[in-house]
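Reviewing the structure listed below.
This one's a predicted model, so the numbers in the text were calculated from it and none came from an experiment.
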Amino acid sequence: MGFQMTGAALMLLFYGCYIVKMMAQRKKGIRTDQMGRGKTGAARVIELAVKAAAWGTAAAEAVSVLRNTSMFPLPARIVGAFAAVLGTAVFIASVVTMEDSWRAWPGRRGRPL
């Protein structure tokens with residue numbers, strides 16, 4: 001039950017951070033979700049497939065956590081929980097640090113690497 005609650009809390013924190021940031025940017029007129037927009041042909045198909053895979057992964061993650069379906073031994077689950085905590089912390093720090101820019105290249109804002 002502890003892993004299940006930890007997993008659910010981390011999912012809420014991770015996806016909640018993303019959704020809150022996306023909504024805050026939308027209020028400023030920034031469209032965060034650009035997958036498949038303005039693209040044609042193979043590039044559009046690939047981006048939409050990646051977007052569908054991301055949504056599918058989130059759904060599978062939620063079902064797995066809610067059903068507590070892990071078949072891993074206890075040590076692997078402990079390592080996984082620590083990795084999830086660390087990954088969520090890095091994600092939140094990244095979102096805060098990026099401010100309104102979601103680009104990977106910081107040169108656009110005039111700051112050196």
Side-chain angles (χ1 to χ4, degrees):
M1 185 66 156
F3 287 109
Q4 190 175 15
M5 290 181 67
T6 301
L10 288 170
M11 278 187 61
L12 287 173
L13 193 59
F14 181 88
Y15 291 110
C17 173
Y18 177 76
I19 291 168
V20 167
K21 180 73 169 196
M22 190 169 57
M23 289 171 41
Q25 287 187 318
R26 184 170 288 166
K27 286 182 181 180
K28 295 179 180 182
I30 300 169
R31 294 183 77 172
T32 305
D33 181 10
Q34 297 293 324
M35 296 295 286
R37 294 190 193 277
K39 303 285 172 75
T40 59
R44 179 176 170 80
V45 171
I46 291 168
E47 286 192 11
L48 291 177
V50 168
K51 185 176 188 175
W55 280 101
T57 299
E61 183 181 2
V63 169
S64 176
V65 167
L66 293 174
R67 294 188 65 209
N68 201 17
T69 57
S70 177
M71 295 183 292
F72 289 105
L74 183 61
R77 293 182 86 179
I78 292 170
V79 170
F82 279 116
V85 168
L86 181 63
T88 301
V90 168
F91 176 74
I92 292 171
S94 299
V95 168
V96 170
T97 302
M98 288 187 300
E99 298 171 354
D100 285 332
S101 176
W102 283 63
R103 294 182 178 268
W105 182 255
R108 180 170 185 234
R109 297 187 60 189
R111 288 193 241 169
L113 294 173

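- Lys27 is linked by a side-chain contact (heavy atoms from CB on, under 4.5 Å) to nothing, counting only residues two or more places apart in sequence or in another chain.
- By the 6.0 Å contact criterion, CZ on Arg37 is enclosed, its count of non-hydrogen atoms from other residues, nucleotides or ligands being greater than 12.
- Ile30 and Val20 fall into different hydrophobic clusters, where Ile, Leu, Val, Met, Phe, Trp and Tyr are joined by side-chain heavy atoms under 4.5 Å apart, directly or via other members.
- Qualifying side-chain contact (heavy atoms from CB on, under 4.5 Å) partners for Val90, counting only residues two or more places apart in sequence or in other chains: Leu86, Ser94.
- Phe82 places none of its side-chain heavy atoms less than 4.5 Å from the side chain of Arg77.
- With sequence neighbours left out, Ala76 forms a side-chain contact (heavy atoms from CB on, under 4.5 Å) with Phe72, Pro73.
- In this structure, Lys21 contributes its side chain and Glu99 its backbone to a donor-acceptor pair below 3.5 Å.
- Residues passing the salt bridge (Lys or Arg N to Asp or Glu O under 4.0 Å) test with Glu47, sequence neighbours excluded: Lys39.
- A donor-acceptor distance shorter than 3.5 angstrom exists from the side chain of Thr88 to the backbone of Ala84, with no hydrogens or angles considered.
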Please output the side-chain donor-acceptor pairs of residues 3-14 that fall under 3.5 Å, not counting sequence neighbours, one pair per line with the distance.
residue, atom, partner, partner atom, Å
Gln4, NE2, Val65, O, 3.1
Gln4, NE2, Leu66, O, 2.7
Thr6, OG1, Gly2, O, 2.8

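- Hydrophobic side-chain contacts under 4.5 Å tie Met71 to no other Ile, Leu, Val, Met, Phe, Trp or Tyr residue.
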